[in-house]
Amino acid sequence: MILLLASLLVLLVIGIPIAYSLGFSALLYFLIERPQLLLVLPQRVFSGLDSYAMIALPLFCLMGLLMNESGITNRLINFLMVFVGRLPGGLALVNVLDSMVFGGISGSSVADVASLGTVMIPAMEKRGYPKEFASGITVATATMGMMIPPSIPMVIYAFVSQESVGKLFLAGAVPGILVGVLMFALTIGISARRKYPVEAAGLTLKEAGRRIVSALPAVLMPVFVVGAVVLGVTTATESAGVGVLYALVVGLFLYRGLKLKAIPRLLIQSVRMSAAVMIIIGFSQLYVWILAIEKVPQMVTSFISGLDLPVFAILLVADLVLLVIGTFVDVGPAIILLCPILLPAMVAIGVSPIQFGAMMISGMAVGLVTPPVGMCLNVASVISGINIFRIFRGALPFIMMNIIVLILITLVPWFSLWLPNLLMGG
Amino acid sequence: MTAWLNRINTVTVRVLEIVMALIFSAMFVIVAVLVIQRYLFASGLVGGDELLEYLFIYTSTIGAAVVLARREHVGIPVFWQRMKPWARKAFDTANHLVIIFLNVYMLILSQKWIAVVGGSASTMLGIPMWVAEIALPIGCGLTVLYGLLNIFGSSPRRDEVGGCA
């Protein structure tokens, strides 16, 4: 077991992709410890790839890419400007709300920064916002994309934990909205103190109506997609398929921003994004199997139970672990690696797998905006031209809101369990 | 020589990406047909789910090889980014050798595995299981090919990480 973990760590540190680090360390383990079981390796990898539920992954990726390509960004900005443009720091407030809505459409925080950041960061700079603030708020608010349904990391967690995708979608909704509300309030405070400009003065009622109608097809999409899963009308895979169909119709015929010749590129991009995750899932099945053979989850469980700490203290330590790991490892792989070890221990101390899913995704979301790995920071750095540490400084007050919500959903299960229990039963 | 290898890399990746796009399009059509049949006509497409799963396995294994060719695999680049250029080059070659070794081993093991279990028929479609299982050695073989092309070609390493976060 020590050989497996030590070799895995070394391989990851020297830069071998996570999938192959998992595969190679597992191969070493089997060659040395259990050579008679070597033939099980391809079978385990194959069974990891053979998943109907995970077909939702490329479809959700495609849905987000199609909507993005359709030109929803400017429509959403104009739509939200109607509601908050007249407040101080209107553009910054639009940025916060935009991330909430866009996160629901794309299901991806990185996509959120890439598309909204390209428009919002230059626009905010032009209106006199400091670069650090404009980039910081854009990356920090993008973390909501992982929590607000439909969320791609929630699909991965559902697969790894064998829990309901619908319940997990709902478990992320309240924490995601709460992060948004806190960030919104913080932005109002900062904007009033720094006297950031007011936008959209003199908007006529007709123009406001036109903007609302124009954005509605995009805004309603996550409602249909998540609603169908939650109400049990469709499976997550079918719902993602319907979402793709919806995005195609909206993009090609309603918004007309989506060009037919762009579709093959988006198909390929979706498959590549999904394959990068699926190959990790495939090889992780070897690692999960070894953990089971070596009874690692049981050892972790008995270790945690033996600590004689109150549940809330264990959960806060788990939060810390999630925040630290999230700083170095990307969200999907971190879920795949940590879930088989931590989830049984959490269940043993009475934590719901759904609540732990919300905790895990919320904690990992912070990792996307913290150096040195933070993927959102890297994307924003390319857009704004300033280094990731300056962006991080700008994002820090907003990241504190993420951490407050993480602590809330850790200590008060209601935040993550109320909505799934209400709509889908206990 | 390097230019020639890079050309092979570019052309084959393009072809594989077209194949992946076609398979994924077929998957989308099947999902759409399944939904329409199930909810509008209260009937199903026999073996539709199974076919979807098998096509998905192909996109994953071929996709993983393409992702290696494009150097887009998810890793932890913190230490990598701090290395000197000569160390990066050395580690890049060593890392690819590890990937090649793993995939050659998996290729051999998966052939033996398919020889044992590949003859059984799938539950719904009744097709021999090797039709789906062979996706694994195909993916491993392609990964070996792109590992070698990455070592001997000249495409620069991407430091950013991929994924669906």
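All chains are named by letter (A, B, ...) in the order of the sequence lines, taking the proteins before the strands, and each is independently numbered beginning at 1.
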**Q** Who among B:D49, B:L52, B:V116 has the most heavy-atom pairs with chain A under 4.5 Å?
**A** B:D49
**Q** Could you list the donor-acceptor pairs under 3.5 angstrom formed between side-chain atoms of residues 18-30 of chain B and any protein atom two or more places apart in sequence or on another chain?
**A**
unit_1	atom_1	unit_2	atom_2	d
B:S25	OG	B:A21	O	2.6

**Q** Chain B heavy atoms under 4.5 Å from A:V40: which part of the residue, side chain, backbone, both or neither?
**A**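 The answer is neither part of A:V40.
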**Q** Heavy-atom distance under 4.5 Å to chain B: side chain of A:L286, backbone, both or neither?
**A** neither
**Q** Measure across B:V67 and A:R272 and return the closest heavy-atom pair with its distance rounded to 0.1 Å.
**A**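 The answer is CG2-O, 3.6 Å.
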**Q** In Å, rounded to the nearest 0.5 Å, how long is the span from CD1 of B:I99 to CD1 of A:I16?
**A** 6.0 Å
**Q** A:S51 versus chain B, heavy atoms under 4.5 Å apart: side chain, backbone, both or neither?
**A** backbone
**Q** Roughly how far, to the nearest 0.5 Å, is CG of A:L38 from CG of B:L109?
**A** 5.5 Å
**Q** Mind checking the OG-CG spacing from A:S21 to B:L102? Nearest 0.5 Å is all I need.
**A**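 Separation between the atoms: 9.5 Å.
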**Q** Sort out for me which of A:I279, A:I55, A:L49 touches chain B most, counting heavy-atom pairs under 4.5 Å.
**A** A:I55
**Q** For residues B:M106 and A:P42, report the shortest heavy-atom separation together with the two atoms involved.
**A** CE-CA, 3.8 Å
**Q** Give a yes or no on this: more than 12 heavy atoms of other residues, nucleotides or ligands lie within 6.0 Å of atom CZ of A:R34.
**A** yes
**Q** Go through the atoms of A:I361 and report whether side chain, backbone, both or neither lie under 4.5 Å from a heavy atom of chain B.
**A**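 Contact with chain B is absent: no heavy atom of A:I361 under 4.5 Å.
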**Q** Looking at every heavy atom in both B:A64 and A:A275, which two are closest together, and how far apart are they?
**A** N-CB, 3.6 Å
**Q** A:L65 versus chain B, heavy atoms under 4.5 Å apart: side chain, backbone, both or neither?
**A** neither
**Q** Give the intermediate values and the outcome of side chain to side chain contact (heavy atoms under 4.5 Å, CB included) for residues A:L59 and B:V31.
**A** CA-CA 10 Å; A:L59 289 170; B:V31 171; 4.1 Å; yes
**Q** Given that the side chain runs from C-beta out, which part of A:I263 has a heavy atom under 4.5 Å from chain B: side chain, backbone, both or neither?
**A** neither
**Q** Can you say whether A:F283 sits under 4.5 Å from chain B via the side chain, the backbone, both, or neither, judging by heavy atoms?
**A** side chain
**Q** Which of the residues A:V45, A:T235, A:T234, A:V329 is involved in the greatest number of heavy-atom pairs with chain B at under 4.5 angstrom?
**A** A:T234
**Q** Would you mind checking which part of A:L27 comes under 4.5 Å of any heavy atom in chain B, side chain (CB onward), backbone (N, CA, C, O), both or neither?
**A** side chain
**Q** Which one of A:V155, A:L12, A:D50, A:L266 has the most heavy-atom pairs closer than 4.5 Å to chain B?
**A** A:D50
**Q** Rounded to the nearest 0.5 Å, what's the gap from CG on B:N103 to OH on A:Y20? Could you check?
**A** 5.5 Å
**Q** Does any backbone or side-chain atom of A:L267 lie under 4.5 Å from a heavy atom of chain B? Answer side chain, backbone, both or neither.
**A** both
**Q** Against chain B, work out which of A:I268, A:I281, A:D112 has the most heavy-atom pairs shorter than 4.5 Å and name it.
**A**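 Heavy-atom pairs under 4.5 Å are most numerous for A:I268.
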**Q** Determine the option with the most heavy-atom pairs under 4.5 angstrom with chain A, choosing from B:V98, B:L55, B:T61, B:I62.
**A** B:V98
**Q** Kindly compute the distance separating CG (A:L245) from CD1 (B:I36), expressed to the nearest 0.5 Å.
**A**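 Going from CG on A:L245 over to CD1 on B:I36, the span is 7.0 Å.
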**Q** Measure distances from A:P333 to the heavy atoms of chain B and classify the residue's part below 4.5 Å as side chain, backbone, both or neither.
**A**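 A:P333 touches chain B through side-chain heavy atoms alone.
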**Q** Checking heavy atoms, do the side chain of A:V242, its backbone, both or neither come under 4.5 Å from chain B?
**A** side chain
**Q** For A:M364, is it the side chain, the backbone, both, or neither that has a heavy atom closer than 4.5 Å to a heavy atom of chain B?
**A**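 When you check distances to chain B, no heavy atom of A:M364 falls under 4.5 Å.
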**Q** Tell me, out of A:V233, A:V379, A:L28, who's got the most heavy-atom pairs with chain B below 4.5 Å.
**A**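 Of A:V233, A:V379, A:L28, A:V233 has the most heavy-atom pairs under 4.5 Å with chain B.
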**Q** Just so I know, are the side chains of B:S110 and A:F46 near enough to count as touching, which here means a heavy-atom distance under 4.5 Å?
**A**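 Not in contact.
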**Q** Under 3.5 Å, sequence neighbours excluded: what are the donor-acceptor pairs made by side chains of residues 132-146 of chain B?
**A**
unit_1	atom_1	unit_2	atom_2	d
B:T143	OG1	B:G139	O	2.7
B:Y146	OH	B:T12	OG1	2.8
B:Y146	OH	B:V13	N	3.4

**Q** How long is the gap from CH2 on B:W113 to CG on A:L41, to the nearest 0.5 Å?
**A**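 Rounded to the nearest 0.5 Å, the CH2-CG separation comes out at 11.0 Å.
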**Q** Tell me, out of A:P58, A:G23, A:G241, who's got the most heavy-atom pairs with chain B below 4.5 Å.
**A** A:P58
